[in-house]
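These figures come from a predicted structure and were not determined experimentally.
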Amino acid sequence: MTTDLKSPEEELNLVFSALSDPTRRSILERLSAGEASVGELAEPFDMSLPAISKHLGVLEQAGLLSRERDGRFFRCLLQAEAMRDAALWMERYRRFWAQQFDALDAYLSHEEEPEDDTQ
């Protein structure tokens, strides 16, 4: 029996992998304005519907979008909560780098102070 459950690390890997492609990021940006059909999502790109469908599959696998059948068409919806863990992961490193830059700033400020040569 196979299961579709993924570990948090696997889910994070899927999100970052999906976000690594500019076409997929553009699709997500478009979906942030509201649902869209596959055809509507394909319009701005110079690629076939099967190629767009592959991109949608990657986004769907990563949990970043869902597809719902609407008659003969599929409507795509953004599932932004899947990005939450990626944002939290990046936030840890943003804080780390902010601390590093603060320490560098303090060091450089100290180095710029004139030394008192009077003895």
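With values rounded to the nearest 0.5 angstrom, Thr23 atom OG1 is found 11.0 Å from Leu28 atom CG. Once rounded to the nearest 0.5 Å, the distance linking CH2 of Trp97 with CG of Asp102 reads 13.0 Å. The distance from atom OG of Ser17 to atom CG of Leu12, rounded to the nearest 0.5 Å, is 11.0 Å. Between the CG atom in Leu65 and the CG atom in Leu41 there is a gap of 8.0 Å [rounded to 0.5 Å]. We find the CD-SG distance between Glu40 and Cys76 to be 9.5 Å, quoted to the nearest 0.5 Å. Distance CG/Asp21 to OG/Ser26: 8.5 Å, rounded to 0.5 Å.
Note on residues 58-82: no pairs pass ring-ring contact (aromatic ring centres under 6.0 Å, His included), not counting sequence neighbours. Sorted by first then second residue, the side chain to side chain donor-acceptor pair (under 3.5 Å) pairs that include residues 73-83, not counting sequence neighbours, are Glu35-Arg75, Ser66-Gln79.
Remark: Phe16 engages Trp89 in a ring pair (Phe, Tyr, Trp, His ring centres under 6.0 Å) (not counting sequence neighbours). Taking the side chain to side chain donor-acceptor pair (under 3.5 Å) definition, one finds that Ser7 meets it with Glu10, sequence neighbours left out. With sequence neighbours left out, Leu14 forms a side-chain contact (heavy atoms from CB on, under 4.5 Å) with Lys6, Gln61, Ala62. The side chain to side chain donor-acceptor pair (under 3.5 Å) search around Gln99 returns none, not counting sequence neighbours. With sequence neighbours left out, Arg95 forms a side chain to side chain donor-acceptor pair (under 3.5 Å) with no residue at all. In this structure, Gln100 has no side chain to side chain donor-acceptor pair (under 3.5 Å) partners at least two apart in sequence or on a different chain. For Leu88, the side-chain contact (heavy atoms from CB on, under 4.5 Å) partners at least two apart in sequence or on another chain are Arg84, Asp85.
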Donor-acceptor contacts under 3.5 Å from residues 47-58 side chains, at least two apart:
unit_1	atom_1	unit_2	atom_2	d
Ser48	OG	Ala51	N	3.2
His55	ND1	Arg24	NH1	3.2

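Under a hydrophobic clustering in which Ile, Leu, Val, Met, Phe, Trp and Tyr are joined whenever their side-chain heavy atoms come within less than 4.5 Å, directly or via other members, Val38 and Phe45 fall into the same cluster.
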Legend entry - Step-by-step side-chain contact (heavy atoms from CB on, under 4.5 Å) determination, Leu64 to Leu31: CA-CA 10 Å; Leu64 294 168; Leu31 289 174; over 6 Å; no

